[in-house]
Protein chains: 2
Amino acid sequence: MTNNAQTSTSNPSDELLTFFKALSDSNRLRILGILANQPMSVEQLATALNLSASTVSHHLAKLSDAGLVSAKAEGYYNIYSLNQTALEEMSQRLLKKENLAQVAEPVDLESFDQKVVRDYLASNGKLKALPAQGKKLLAILRYIIQAFEIGKKYPEREVNEIIKKFHDDFASIRRYLIDYQFMQRENGIYWRIK
Amino acid sequence: MTNNAQTSTSNPSDELLTFFKALSDSNRLRILGILANQPMSVEQLATALNLSASTVSHHLAKLSDAGLVSAKAEGYYNIYSLNQTALEEMSQRLLKKENLAQVAEPVDLESFDQKVVRDYLASNGKLKALPAQGKKLLAILRYIIQAFEIGKKYPEREVNEIIKKFHDDFASIRRYLIDYQFMQRENGIYWRIK
DNA sequence: GAAATAATTTTATGTTTATAGAAATAATTT
DNA sequence: AAATTATTTCTATAAACATAAAATTATTTC
């Protein structure tokens, strides 16, 4: 298991996650349903749901963490009730596309390219092979094209030299760079266009 | 990609549960966040999230079951994109108090009383004991009071007789019935008032 | 102060679920 | 047809979680 060492500082998606996790159990949904009709004590809920008091208490703690219910001491009963405002606010605030889009950590859109290139690069800096086609070839081409300056004019001989640093089959790669619109050519002169 | 086989007895809370379970995992939230920015293939997502393709596929299946994403075949890529409408519809439709209140199965509000009475009743129909106080005593009293007709006048001797069928300590119970306003008394005559 | 009652926390256990490797399926290119 | 690539399904495993009994805490009644 690799990834995200999840930052210790609570980010907005922690809040989302707590909210959804609270709602992702059938007995907790039943509890909310009951509390939407009338406030109740832990013991009453336990009887109504045929669960132990400790289990209900555990569920209520999760719902409470998510801000969905709140308790009011009454005698030695703890009367829980639905926190309706939180429910509606949450659903409106959290479930919009704009907000969701921000939930994603800054996605490294380059990472796919980087992985492909890493996989294909030998330790001498040359490519072990050329991907036959598709997305991986494009990733490699995006990598190679960076060896050229945008706008600068290169004679074909120089283009070949630069490409050869990556792979011996400079002819194929040069053609790909043209085909996929990374370069343009006129009278044996090449220039990078993106 | 399979899609929601939605159970034969599918009730509204199944739908809610599927929806929330789909959203209750941090990697699935990250996927949604990314797809809110741009559609992507399984492999691209796997690379961006540093997860295996099979894991991402598994997550996408859950999101798809919940109607949150949909896929479009493109070459041999499956390009997934956010199903924005579903997200907003769900949040508005599902998270209202009226709807939540219906999510709860018809709650048997009597069940607490019934359980208490069952626990305290011996096989001969008599009470094994009298709860000292609190909710359980009230449940027992609500049970006993049903032996009386509302409005009908009972002399004390008859009240004692009826109560004795439940418990020998008729004096305490008679007093409780008055104290807790199940009966009223005047000149040695009793009547049930609720 | 002692007994009774309600709720929470702790601890243990069985179930569910996320994960990834391997195998199977599907589509594409050569 | 054979090789390549992407995705899904199958299988196994480890982590997360629901559950309840027991212990603990807190409150009330007597």
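Since the model is a prediction, treat every value here as computed from it, not as a measurement. Chain identifiers are assigned alphabetically (A, B, ...) following the order of the sequence lines, protein sequences preceding nucleic acid strands; residue numbering begins at 1 within each chain.
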Less than 4.0 angstrom between a side-chain N/O of [X] and OP1 or OP2 of [N], yes or no?
X: B:Asn27; N: C:dA18; value: no
X: A:Lys21; N: D:dC17; value: yes
X: A:Lys62; N: D:dA18; value: yes
X: A:Ser52; N: D:dA20; value: yes
X: B:Thr55; N: C:dA20; value: yes
X: A:Tyr80; N: C:dT8; value: yes

What is the distance from [atom1] of [X] to [atom2] of [N], rounded to the nearest Å?
X: A:Glu43; N: C:dA4; atom1: CD; atom2: C1'; answer: 12 Å
X: B:Leu60; N: C:dT19; atom1: CG; atom2: C1'; answer: 14 Å
X: A:His58; N: C:dT11; atom1: NE2; atom2: C1'; answer: 13 Å
X: A:Ile31; N: D:dA18; atom1: CD1; atom2: C1'; answer: 12 Å
X: B:Lys72; N: D:dT7; atom1: NZ; atom2: C1'; answer: 17 Å
X: B:Leu45; N: D:dT8; atom1: CG; atom2: C1'; answer: 15 Å
X: A:Phe20; N: D:dC17; atom1: CZ; atom2: P; answer: 16 Å
X: A:Leu29; N: D:dA18; atom1: CG; atom2: C1'; answer: 14 Å

Can you find a pair of side-chain heavy atoms, one from [X] and one from [Y], that are under 4.5 Å apart?
X: A:Ile145; Y: A:Met183; answer: yes
X: A:Val69; Y: A:Asn83; answer: no
X: A:Tyr154; Y: A:Trp191; answer: no

Item to check | Check: A:Thr55/A:Ser52 side-chain N/O donor and acceptor closer than 3.5 Å | outcome: yes

Next on the checklist: Looking only at the side chains, is there a donor atom on one of B:Arg157 and B:Asn160 sitting less than 3.5 Å from an acceptor on the other?
Outcome noted: no

Checklist entry - Which range-with-range stems can be found for DNA chain D when each stem has 3 or more Watson-Crick or G-U pairs in a row and both distances sit under 3.5 Å? => result C:1-30 with D:1-30

Checklist entry - Could you go step by step and tell me if A:Gln184 and A:Ile178 meet the side chain to side chain contact (heavy atoms under 4.5 Å, CB included) rule? => result CA-CA 6 Å; A:Gln184 281 189 345; A:Ile178 299 293; 5.7 Å; no

Checklist entry - Contact class for A:His59 (heavy atom, under 4.0 Å): base, sugar-phosphate, or nothing? => result sugar-phosphate

Any idea which of [options] is nearest the [X] side chain?
X: A:Ser54; options: C:dT9, C:dA6, C:dT19; answer: C:dT9
X: A:Leu51; options: C:dT8, D:dA20, D:dT8; answer: D:dA20
X: A:Asp25; options: D:dA18, D:dC17, D:dT7; answer: D:dA18

Item to check | Criterion side-chain hydrogen bond (donor to acceptor under 3.5 Å, both in side chains) against A:Tyr190, the qualifying member of A:Arg185, A:Lys153, A:Glu158 | outcome: A:Arg185

Item to check | Validation row, ring centre B:Phe166 to ring centre B:Tyr143 under 6.0 Å | outcome: yes

